[in-house]
Asks: 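Before I ask anything, here is the structure I am working with.
Just so it is clear, the model here is predicted, and its values are computed rather than measured. Letters go in sequence order (proteins before strands), and every chain restarts at 1.
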Amino acid sequence: MSSRRRRAPGGVTYDDVTGTLRERTLTALRDPGLAANLRSAGTAWAEQREVMDRDYGFNEMRDRARDIRRANIRALPALLTQLQHRVRENGGTVVRAADAAEACRYIVGLARARGVGMVAKSKSMATEEIKLNDALEDAGLEVVETDLGEWILQLAHEHPTHIIAPAIHLNKEEVAALFRAESNGDVPDDREGLVAHARMRLREKFAQAEMGISGVNLAVAATGTVCIVENEGNIRLVTSQPRIHVAVMGMERVVADWDEAAHILQVLPMAAIGYDAANYVNLISGPRREGEADGPEEFHLVIVDGGRGALRGSEFEEALSCIRCGACLYSCPMWRNVGGQTYGSPYSGPIGAVITPLLEGPSSPGSRDLPFMSSVCGACGDACPVGIPLQDLLVKARARSRSPATTKAGWAFRLWSLLWRRGLTYRLTIVGWRLGLRIRGRGGWVHRLPGPGRAWTSVRDLPSRWPPRR
Amino acid sequence: MSALADQMAASLGRRKATWEMADPDGAGRAGARWMADAGVVRAVLADDPLVERVGLAAALRAVGIDVLWWPVALGRREILGLEGPGDVCGVTVPALAVAERGTLVLEASPGHGRGIDVTSRHHVALLPADRIVGTLGEALARTYAAGRPTPSAVSLVSGPSRSSDIEKISTLGAHGSLTEHVVIIR
Ligand code: SF4
């Protein structure tokens with residue numbers, strides 16, 4: 001890692017998370033509704049992914065996706081320069097922000113300068129990361145999340161649980177209650193009715209908003225085009241109705257040309273939701289042209305570094321090829337049991353556990369324990385469409401973590417490693433252990449270990465001889 | 001070419017869109033009939049020579065559907081369906097289509113607004129069969145070919161709007177059009 005490592009003010013993790021990671025994990029595990037929702041979501045995802053491989057040879061498409069993204073990251077500075085030139089030629093404005101504060105300052109300043117009162121937003125991890133909503137609201141602006149799932153969460157004052165499907169932990173009765181509170185009126189109980197209700201409520205917002213803010217799934221350097229993928233159509237409205245469109249992207253989300261873009265745009269929905277196409281893909285190359293009757297008059301592209309640049313050339317460089325599909329989340333046995341909110345970061349699951357502490361720094365109390373949210377089973381690496389070896393990165397992130405849990409016990413691990421590196425001392429510890437277990441065992445089983453072993457035997461017994469007695 | 005049209009039709013079915021094949025002189029009437037059946041009272045037409053060529057405007061008037069051409073002289077609230085009739089149908093003319101995925105490639109231009117289909121409750125696309133290509137890669141290569149001016153906005157549309165945000169069950173008509181009907185013109 002270079003010395004440019006920086007921690008953005010406030011960091012990436014949410015400021016309002018309560019309790020420790022361990023406490024949040026236990027709370028989540030005790031929530032039966034959450035478990036059921038997550039399990040059905042995970043199962044549906046796995047089934048669709050199999051269909052994708054059978055019908056489209058998805059597993060082969062992944063190899064090319066990996067190669068494309070690795071090359072993009074290697075060529076990142078040149079691609080970003082080209083992107084910047086092309087967007088400007090298309091009549092747009094490009095801003096390079098070193099960190100969250102810079103990005104927010106620009107967007108808030110722009111909104112103020114243009115007299116904006118209401119902002120229509122679409123789902124975007126980058127804007128969550130930089131806490132743009134807080135910055136806009138502090139400046140007195142009304143911010144409306146227009147993606148159905150995000151709007152539901154906004155009404156519930158909650159953070160998203162998943163990169164792609166934000167509100168999967170709420171059932172339709174809970175959603176209806178939120179809508180009823182928002183509109184002070186009758187709200188239908190069925191799913192179709194709820195969707196139709198939200199459609200009209202949010203169109204009221206689209207009619208007023210002067211600024212639309214979106215994320216970016218992919219930017220194409222060759223033509224200065226941002227690609228934004230969605231199913232609902234709200235991003236088409238965000239990018240066509242308000243007078244100003246601001247797109248916010250992490251600096252790594254760029255590909256060279258349309259050949260690469262076509263491939264990644266097909267891989268993304270397959271990996272994310274297990275379908276061969278998203279409903280809408282918005283390809284935006286600047287503001288409306290002369291003679292065009294709709295589309296924004298201004299287009300601003302904000303490219304955020306936020307600690308990403310420092311990862312190039314480090315042992316974590318591969319994490320930059322992520323296309324934020326969410327597949328590693330669904331595949332993760334941890335995430336499938338505790339959900340995204342437990343992580344306390346907009347980036348949850350295996351990729352979140354890797355990149356959140358990378359962006360925040362290894363000592364950040366909010367994220368230094370996240371790399372331990374994994375059994376290192378490797379399901380995430382298998383699921384990843386761009387071949388990021390997430391299980392390896394998780395182990396490396398653990399080594400780098402400055403968590404009190406690891407630093408306090410550091411001497412013990414060093415001693416352990418010293419002993420087990422030689423044949424003789426290794427065998428001696430094994431003999432010692434066996435002896436200890438025999439002495440402590442009752443009827444062939446150890447029910448309680450002393451010291452740090454106590455947590456281990458609090459939920460299970462250890463056989464004192466092998467093979468264990470029945 | 002007809003193989004691509006057949007593949008396109010099959011893919012549209014998968015996308016929960018509907019389709020029909022028509023000859024050039026019957027396409028206008030086919031579109032108007034579909035809209036009348038769907039209860040459409042107003043159509044917003046892309047200002048594309050093809051719309052006139054297939055006689056859509058006349059066919060619509062014949063079945064009593066109000067006809068507006070893009071760009072429409074309406075306020076934003078009415079464009080968004082908050083005022084005026086709700087049963088509006090946006091009529092688009094895709095620049096290209098992708099047979100493998102059932103995707104329409106809509107290019108913004110002075111005659112073709114970015115939001116024609118997505119602001120309306122219904123969407124009818126008039127698609128000449130010779131504009132159908134096999135893959136998304138081919139479609140994007142043509143759209144952004146070197147030397148061709150880059151369109152300000154291109155929308156890839158693959159079926160009506162939907163959301164799975166409530167209980168992960170796909171529900172149609174989230175923000176964009178609830179229906180999508182493609183008239184493939186032979
Ligand atoms: S790490 Fe891989 S699987 Fe996880 S979100 Fe990124 S691209 Fe998808």
Asks: Chain A heavy atoms under 4.5 Å from B:E100: which part of the residue, side chain, backbone, both or neither?
Replies: both

Asks: Regarding B:R29 and B:D23, does a basic nitrogen lie under 4.0 Å from an acidic carboxylate oxygen?
Replies: no

Asks: Taking the side chain from B:R114 and the backbone from A:G295, do they hold a donor-acceptor pair closer than 3.5 Å?
Replies: no

Asks: With a 4.5 angstrom heavy-atom cut-off, is it the side chain or the backbone of A:E230 that approaches chain B, or both, or neither?
Replies: neither

Asks: With a 4.5 angstrom heavy-atom cut-off, which part of B:P151 approaches chain A: side chain, backbone, both or neither?
Replies: backbone

Asks: By a 4.5 Å heavy-atom criterion (distance strictly below it), what part of A:D276 contacts chain B: side chain, backbone, both, or neither?
Replies: both

Asks: Under a 4.0 Å threshold between the charged nitrogen and the carboxylate oxygen, would A:K123 count as salt-bridged to A:E150?
Replies: no

Asks: If you count heavy-atom pairs under 4.5 Å between each of B:L172, B:T143, B:L80, B:T135 and chain A, which one has the most?
Replies: B:L80

Asks: What part of A:E204 lies closer than 4.5 angstrom to a heavy atom of chain B: side chain, backbone, both or neither?
Replies: both

Asks: Is it the backbone or the side chain of A:A278 that comes under 4.5 Å from a heavy atom of chain B, or both, or neither?
Replies: backbone

Asks: Determine yes or no for a side-chain-to-main-chain donor-acceptor pair under 3.5 angstrom, with A:S122 supplying the side chain and A:I235 the backbone.
Replies: no

Asks: Of all of B:L136, B:L82, B:T103, which one pairs up most often with chain A through heavy atoms under 4.5 Å apart?
Replies: B:L82

Asks: Do you know which of A:Q266, A:R288, A:E192, A:E290 has the most heavy-atom pairs with chain B at a distance under 4.5 angstrom?
Replies: A:Q266

Asks: Tell me which pairs pass side chain to side chain donor-acceptor pair (under 3.5 Å) where either residue lies in residues 144-153 of chain B, with sequence neighbours left out.
Replies: A:E292-B:S152, B:E107-B:R148

Asks: If we define contacts as heavy-atom pairs under 4.5 Å, which of A:L237, A:N282, A:N90 has the most with chain B?
Replies: A:L237

Asks: Given the options B:T119, B:I116, B:V98, which has more heavy-atom pairs under 4.5 Å with chain A than any of the others?
Replies: B:T119

Asks: Between B:A153, B:S163, B:P71, B:G102, who has the most heavy-atom pairs with chain A when the cutoff is under 4.5 Å?
Replies: B:S163

Asks: With a 4.5 angstrom heavy-atom cut-off, which part of A:L202 approaches chain B: side chain, backbone, both or neither?
Replies: side chain

Asks: A:A196, A:P287, A:S285, A:G91: which one forms the most heavy-atom pairs within less than 4.5 Å of chain B?
Replies: A:S285

Asks: Quick one: what part of A:A277 sits under 4.5 Å from any heavy atom of chain B, side chain, backbone, both or neither?
Replies: both

Asks: Side chains of A:R236 and B:S155: donor-acceptor distance under 3.5 Å anywhere?
Replies: yes

Asks: Where the side chain of B:R131 meets the backbone of B:P94, is there a donor-acceptor pair that is under 3.5 Å apart?
Replies: yes

Asks: Check whether B:L104 gets within reach of chain A through its side chain, its backbone, both or neither, counting any heavy atom under 4.5 Å.
Replies: neither

Asks: Evaluate the side-chain proximity of A:F206 to A:V144: yes if any heavy-atom separation is below 4.5 Å, no if none is.
Replies: no

Asks: Which of the residues B:E180, B:K16, B:H112, B:R14 is involved in the greatest number of heavy-atom pairs with chain A at under 4.5 angstrom?
Replies: B:R14

Asks: Determine whether B:D66 and B:V41 make a side-chain contact, defined as any pair of heavy atoms from C-beta on separated by less than 4.5 Å.
Replies: no

Asks: Could you please spell out the steps behind the side-chain hydrogen bond (donor to acceptor under 3.5 Å, both in side chains) verdict for B:H181 and B:T18?
Replies: CA-CA 5 Å; B:H181 185 69; B:T18 54; 2.7 Å; yes

Asks: Quick one: does any side-chain atom of A:R199 pair with a main-chain N or O of B:H175 as donor and acceptor, under 3.5 Å?
Replies: yes

Asks: What residue in B:G115, B:S109, B:G111, B:G137 has the most heavy-atom pairs under 4.5 Å with chain A?
Replies: B:S109

